[in-house]
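What follows is a short report on a single structure.
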Amino acid sequence: MADSREPPPLFNDDDDSHKDDDNDDLFTSAVQSPVSELTTPEEPRRQEGLGDPLTSPSPAASPTPDPPSDSHAGNPTDLFESVGEPPVGGLSSVSLESPTGGEGTQQEVSLDDEVDDSALFNATSAPKLQLSQDVPEPPVPASSILPPMGAPLTPPVAPITPTVTPNLTPNVTPAAPAPVTPLPAVRQSPEELEAESGDEFIEIQVSDPQKIGEGMSSYMAYKVTTKTNITYFRKKNWSVTRRFSDFLGLHGKLVEKHLHSGRIIPPAPEKSAIGTTKIKLGSDKTAESGSQDFIEKRRASLERYMNRTGAHPTLRADPDFREFIELDAELPRATQTSALSSAGVLRLFNRVGETVNKMTFKMDESDQWFEEKTQQIESLDAQLRKLHLAMEGLVAYRRELAVSTASFAKSAAILSSVEEHSALSRALHQLAESTERTHTIHHAQADADFYYLSEITKDYIQLIGAVKDVFHERVKTFQTWQHAQSMLAKKREAKAKAELAGRMDKVQQAQEEVAEWEVKVERSQEEFDRISRAIKKEVDRFDVVRVKDFKDMLVKYLEALMTSQQQIIKVWETFMPEAKAIA
């Protein structure tokens, strides 16, 4: 039935509150399609009291464009279905008959002149578009305010949906794989590290030992020349002057900073009290005997120490090492380097204590790699000591051979002077000269045996000691971890006793101590794992460098031996015609 009452006007001339609602009229286009189905020309209107406002529903009567519920799916007229609220005040209830004309299909539409927009439009479900529009002064019908069918939503919606999303894709996707790509190349084998470091080189030469001062206050200074192409050094070739105590001070600083991290620090030459005293008390003229050999051995040892330290990628980047080889000035005097000082005696006692600690505490090794490496290092140390002992005997034999050859040459020269037969005298004289040449060759071969075999083997015995020190540092870290675990167990036991005794004043303190020792246990375990990983890397690098050094040692020794033998053969081939010329 059609209601005889006329609906109230949608816009009140005296009320300006609806002027702000013009922005919401844009959402009415979402429901114009269902309305058009109800008001098609073919369908007769059965409501005489409704005019244009029903053809284009007002914002107050337009529901939110939510999808229809399951119970009214497919029925476009459900968008205008009333929730069942009774008419209030000026509400006009209008009955709409469905196009099919069946019974029970009438719809009632409630039109209210004062409707709360917040109840119809949900901010979370539909975005609110703020468009500045000039509202005309005289009120106009709703049909003239609404935009044409299908046109108004396109401009405001277009900048919301498609503009932001495409811009995010190119900014996010290429940045994600950038930090992930180089990760597989971080961990490399020692062979790869050694191959990559072939382009970078650093060569350090220790030369020109000079005695500065007189008496017991004198000292030896050496010229340290460096050649390198590493970028973080300021120059490519330079020289500085350093005294022997500076080398010892550098070694002490490197041990203090890097040993606890699992780094293998090449050992510096030990300070000899007897050799140093001979140099201090002797003059430059008398230093040509035994002191010169001592100085030359020390110079070669310092050069090998500096090159081994410079070959380590971590140690050569240390600020103390760079200052040592770059600073063209006198370094601060290194303390606790004297062999006869109280610091030297203290170092001796510390070594004894470390040795006793190594013998008394045996760590239950759970890592098979460390167990195998420990046995290998012990076996290598024993065999290197035997080899060094044999090499010392070989060097001593060659020196004795050189001395005996010199004596033989002197005797042959004396005999040639008393020989009356001219041809025989000339032959004996040539024999003395040839033997004197072989004496020089034997002496040079003895030096080659000493520097190429004996000293390199001795250095590696000391390097094995440095590896043992690193292994012992790991044992000390394990001891710290075990001590922290035992203290944590005691603190937990004390906390449990305090809780059972009901002494709440001590429970809080015990709980704080337990938390403190838990942090110490975790930190000690992390330190133990870290030093274990560092030692594995250092030992792998040590094995690679050791093989290379022993290869170079053997090649140089064989080259020196072949050279000496060829020189000896040439000497005796020259003497052969003189021997055959004796008539």
Side-chain angles (χ1 to χ4, degrees), residues 187 251-265 267 314-315 318 320 335-336 342-378 381 464-542:
R187 294 184 177 273
H251 177 260
K253 293 177 181 178
L254 295 178
V255 168
E256 183 180 358
K257 291 197 297 185
H258 297 284
L259 181 61
H260 64 86
S261 300
R263 308 293 181 188
I264 299 177
I265 312 300
T314 303
L315 300 182
D318 186 88
D320 291 324
T335 58
Q336 300 181 355
S342 59
V345 178
L346 182 60
R347 288 197 305 270
L348 179 61
F349 280 110
N350 290 335
R351 291 178 182 175
V352 174
E354 291 290 335
T355 305
V356 173
N357 189 15
K358 293 178 183 178
M359 296 174 60
T360 55
F361 183 81
K362 295 296 181 181
M363 173 182 169
D364 295 334
E365 189 60 66
S366 58
D367 195 336
Q368 185 178 1
W369 186 90
F370 278 98
E371 185 176 358
E372 293 177 356
K373 282 297 179 180
T374 302
Q375 296 176 359
Q376 178 185 354
I377 291 298
E378 293 292 340
D381 185 23
I464 291 296
V467 175
K468 290 182 178 180
D469 291 340
V470 172
F471 277 59
H472 182 61
E473 197 70 23
R474 177 174 174 268
V475 173
K476 290 167 61 176
T477 307
F478 179 78
Q479 290 178 344
T480 304
W481 180 24
Q482 295 300 315
H483 173 70
Q485 286 183 341
S486 62
M487 291 299 298
L488 176 60
K490 291 181 181 179
K491 297 300 180 181
R492 286 176 176 174
E493 184 180 356
K495 177 176 174 290
K497 290 181 179 179
E499 290 177 351
L500 291 176
R503 305 188 61 178
M504 302 307 296
D505 54 340
K506 291 188 176 182
V507 170
Q508 182 66 23
Q509 181 181 359
Q511 188 173 1
E512 294 177 357
E513 293 178 352
V514 167
E516 178 183 356
W517 281 101
E518 285 178 350
V519 173
K520 290 183 179 180
V521 168
E522 183 178 359
R523 189 183 303 122
S524 300
Q525 184 177 2
E526 292 177 356
E527 180 69 17
F528 179 76
D529 295 338
R530 185 195 57 78
I531 195 174
S532 299
R533 292 192 300 268
I535 290 176
K536 288 182 179 180
K537 184 178 179 180
E538 286 289 307
V539 172
D540 291 341
R541 181 185 176 277
F542 170 76

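Computation of the quantities below employed the complete heavy-atom set of this structure, encompassing side-chain atoms and omitting hydrogens, waters and symmetry-equivalent molecules.
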*Exceeds 12 heavy-atom contacts within 6.0 angstrom, atom CD of Glu518*: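 Result for CD/Glu518: enclosed.
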*Got a sec: does the CZ of Arg503 have more than 12 other heavy atoms crowding it under 6.0 Å?*
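No - once you tally the heavy atoms of other residues, nucleotides and ligands closer than 6.0 Å, there are 12 at most.
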Mind checking the [atom1]-[atom2] spacing from [X] to [Y]? Nearest 0.5 Å is all I need.
{"X": "Asp320", "Y": "Leu254", "atom1": "CG", "atom2": "CG", "result": "6.5 Å"}
{"X": "His258", "Y": "Ile264", "atom1": "NE2", "atom2": "CD1", "result": "13.5 Å"}
{"X": "Glu499", "Y": "Lys495", "atom1": "CD", "atom2": "NZ", "result": "3.5 Å"}
{"X": "Leu488", "Y": "His483", "atom1": "CG", "atom2": "NE2", "result": "11.5 Å"}
{"X": "Gln509", "Y": "Lys491", "atom1": "CD", "atom2": "NZ", "result": "8.0 Å"}

Taking every non-hydrogen atom, the tightest pair across [X] and [Y]:
{"X": "Gln485", "Y": "Val521", "answer": "N-CG2, 3.7 Å"}
{"X": "Ile531", "Y": "His260", "answer": "CD1-O, 3.5 Å"}
{"X": "Arg263", "Y": "Glu538", "answer": "NH1-OE2, 3.3 Å"}
{"X": "Phe370", "Y": "Ile535", "answer": "CE2-CG2, 3.6 Å"}
{"X": "Lys506", "Y": "Ala498", "answer": "CB-CB, 4.3 Å"}
{"X": "Ile377", "Y": "Val467", "answer": "CD1-CG1, 4.0 Å"}

Salt bridge or not for [X] and [Y], using N-O below 4.0 Å?
{"X": "Lys253", "Y": "Glu256", "value": "no"}
{"X": "Asp367", "Y": "Lys536", "value": "yes"}
{"X": "Arg523", "Y": "Glu527", "value": "no"}
{"X": "Lys490", "Y": "Glu513", "value": "no"}
{"X": "Glu516", "Y": "Lys520", "value": "yes"}

_Can you confirm whether the side chains of Glu372 and Gln376 place a donor and an acceptor under 3.5 Å from each other?_
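The answer is no; no qualifying pair exists.
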*Carefully, step by step, assess Glu526 and Arg530 under the rule salt bridge (charged side-chain N to carboxylate O under 4.0 Å, His left out).*
CA-CA 6 Å; Glu526 292 177 356; Arg530 185 195 57 78; over 6 Å; no
*When the ring planes of Trp481 and Phe528 are compared, do they come out parallel, tilted or perpendicular, using 30° and 60° as the limits?*
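Tilted, since the angle between the ring planes falls between 30° and 60°.
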*Go through the steps for Asp540 and Lys537 under the test side-chain contact (heavy atoms from CB on, under 4.5 Å), then give the verdict.*
CA-CA 5 Å; Asp540 291 341; Lys537 184 178 179 180; 5.7 Å; no
*Would you mind reporting whether Glu493 and Lys497 have side-chain heavy atoms less than 4.5 Å apart?*
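The answer is yes; the side chains approach within 4.5 Å.
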*Step by step, work out the side-chain contact (heavy atoms from CB on, under 4.5 Å) result for Trp369 and Val539.*
CA-CA 11 Å; Trp369 186 90; Val539 172; 3.8 Å; yes
